[in-house]
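Note sheet for the following structure.
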Protein chains: 2
Amino acid sequence: MIFIMIYLFLHVQKNIGMGKCEQCIIKQFNSLKALTKEELVRISSCKTSKIIKKGEVIFEEGEVLNGVYCVKDGICKLTKLSANGKDQIVKMVVKGDLLGQRSIVTEERSNLQATALNDMEVCFIPKSEILADLQKNPDFTFNVLKDMANDLKEADDVIVNMAQKSVRQRLAETIIYIHESFGVNPDGTLSVLLSREDFANIVGTATESAIRVLSQFKKEGLISTTGKRIKIENIEDLKRVE
Amino acid sequence: MIFIMIYLFLHVQKNIGMGKCEQCIIKQFNSLKALTKEELVRISSCKTSKIIKKGEVIFEEGEVLNGVYCVKDGICKLTKLSANGKDQIVKMVVKGDLLGQRSIVTEERSNLQATALNDMEVCFIPKSEILADLQKNPDFTFNVLKDMANDLKEADDVIVNMAQKSVRQRLAETIIYIHESFGVNPDGTLSVLLSREDFANIVGTATESAIRVLSQFKKEGLISTTGKRIKIENIEDLKRVE
DNA sequence: AGTAAATCATGATAAATATCATATTTAATT
DNA sequence: AATTAAATATGATATTTATCATGATTTACT
């Protein structure tokens, strides 16, 4: 009997978030910080917390989103399926980021798919709550706007890189980006474990090509690998790759 | 004497806009429509109207923007200089669009350069006015947010196209895009006259490659050309290009 | 632990694209 | 109108990247 109670308690804690938004540190990193204490309490009461396992899809391309996700832990990729059947990774989303605001704002179905790259913990906030705050709190709206403006700038940079740089350069920059944004394990390997296919889908190339270039980097002493794990050995030269 | 007065009148009308924002039809097409009559009157009193000639730079990459531009007429390209010295065209801006909001919102220098593709008429609205309205009018902020969300979606699409489609496909789609977005002259040629280099800089390829592919399209009867002007001859097959 | 499936790796080859060279045409300037 | 400069066009060739094939590892599963 007591075990059932413990089980239920843990289960509930996992799936119907018991944390309070007002006290959540995560909100410091995104536009939710612009909300008043009252607004946070209201959101807290109707949000749901979810555990998402590595590889699980959070939402699909074309899906109607009924709210936004606040990422409390873990990393996910945002992808779009191309006509040739390949997924292009458009952005990586980390702890502290919001997920799905774009679609909520434009009231469209999602243009991207979100897939967990490791185990994640997210809070789901219903659309109605977000829209209510967007109506009433200009400070919040402005913060969301700033985030979006920043995403747009980054997207522009990606466009230029895709258009003007070689696969070699793009892959080198991707490794550096992951290194600097998501950090490394104690042994120095990139803490986010991506498949070679993921790398190819970030860079926009064939999986074989990505593998080949990684092998070259290895031969040139720019990186080393242990299984699929990658470690940067010479970041200066990696930055200079042409 | 009378001629000097007429000259001055015309000059003033050109450079210090005498039109009234409240009555301007252009505002229907952008987020300024969310402003109240009073706000529009205020903006009207401090905006300046400018004529920009084809080829002129409106603002450069890295420049501090002191306001936004509302495009009353004409078309311009937004470019970013890549490390290899080539300009990448990231977006084309038309009559009705606003220019520079992103930088104003994030209070950063412009990440893009804006260059007129034909003669333009724009109104410059000082930063202080825009920011004041963003503070006070949540409806306006939300409209700017919607625009930005839309730009972001389009940028995501461009990323995927750049990453996953061939130069041939991208060029075909560019021609169709210009055809459908900016229309054609009476003779059926694209109304926006772009150089082959511009096409290359949209598609993200070498100028020679763009020229070569256009020649192929001509041989295949998909398009025809008169000088640098391009006319779509078979839009269905152009859409099917692989 | 053993087997199937997925992922990674590399070779051989084809296709796409870039680069360099050089005409030819068009536009700009005097 | 003549001259110069710029843009367009095309060939030859080099480089980059994709595709197909096949084997080696790793991972997942029972």
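Below, read A as the first sequence line, B as the second, and so on, with proteins coming before strands; counting in each chain starts at 1.
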Contacts of Lys86(B) that satisfy salt bridge (charged side-chain N to carboxylate O under 4.0 Å, His left out) - sequence neighbours left out:
none

Report, one line per pair, each donor and acceptor closer than 3.5 Å where one atom sits in a side chain of residues 235-242 of chain A; sequence neighbours left out.
from      : atom 1 : to        : atom 2 : distance (Å)
Asp237(A) : OD1    : Arg240(A) : NH1    : 2.5
Asp237(A) : OD2    : Asn234(A) : ND2    : 2.9

I need the CD-C1' distance between Glu242(B) and dA15(C), as an integer number of Å.
14 Å

Residue set satisfying salt bridge (charged side-chain N to carboxylate O under 4.0 Å, His left out) with Asp97(B), at least two apart, ordered chain then number -> none

Does a side-chain N or O from Ser215(B) land closer than 4.0 Å to OP1 or OP2 of dT10(D), or not?
yes

Roughly, in whole Å, what's the span from CD1 in Ile223(A) to P in dC8(C)?
13 Å

Residue set satisfying salt bridge (charged side-chain N to carboxylate O under 4.0 Å, His left out) with Asp87(A), at least two apart, ordered chain then number -> none

Side-chain heavy atoms of Leu193(A) within contact of Arg229(A), under 4.5 Å:
yes

Which residue pairs pass the salt bridge (charged side-chain N to carboxylate O under 4.0 Å, His left out) test with at least one member in residues 191-201 of chain A, sequence neighbours excluded?
Lys77(A)-Asp198(A)

Provide, to the nearest angstrom, the distance between the CG atom belonging to Asn201(B) and the P atom belonging to dA18(C).
12 Å

Scan for side-chain hydrogen bond (donor to acceptor under 3.5 Å, both in side chains) pairs involving residues 182-194 of chain B, sequence neighbours excluded, and state none if there are none.
Asn185(B)-Thr189(B), Asp187(B)-Thr189(B)

Lys/Arg-Asp/Glu bridge criterion (N-O < 4.0 Å) met for Arg102(B), Glu108(B)
yes

Not counting sequence neighbours, which residues clear salt bridge (charged side-chain N to carboxylate O under 4.0 Å, His left out) with Asp157(B)? List them please.
Lys80(A)

Please report the distance, rounded to the nearest Å, between CD1 in Ile211(B) and P in dA6(D).
16 Å

Among residues 190-200 of chain A, which ones have heavy-atom contacts with DNA chain C below 4.0 Å?
Ser195(A), Arg196(A), Glu197(A)

What's the CD-C1' distance between Gln216(B) and dA16(C), to the nearest Å?
11 Å

N/O donor to acceptor pairs below 3.5 angstrom from side-chain atoms of residues 206-218 of chain A, sequence neighbours left out:
from      : atom 1 : to        : atom 2 : distance (Å)
Ser215(A) : OG     : Ile211(A) : O      : 3.0
Gln216(A) : OE1    : Arg168(A) : NH1    : 3.4
Lys218(A) : NZ     : Thr225(A) : OG1    : 3.0

Degree of bending in the helix from dA1(C)-dT30(D) to dT30(C)-dA1(D) once both end axes are built from five pairs, to 10°
60°

Heavy-atom contacts, protein to nucleotides 16-28 of chain D, under 4.0 Å, summarised as B (base), S (sugar-phosphate only) or - (none) per nt, yield -SBBB--------

Nearest whole angstrom, please: distance from the P of dT8(D) to the NZ of Lys219(B).
18 Å

Could you name each residue pair satisfying side-chain hydrogen bond (donor to acceptor under 3.5 Å, both in side chains) that touches residues 170-184 of chain B, not counting sequence neighbours?
Lys165(B)-Glu173(B)

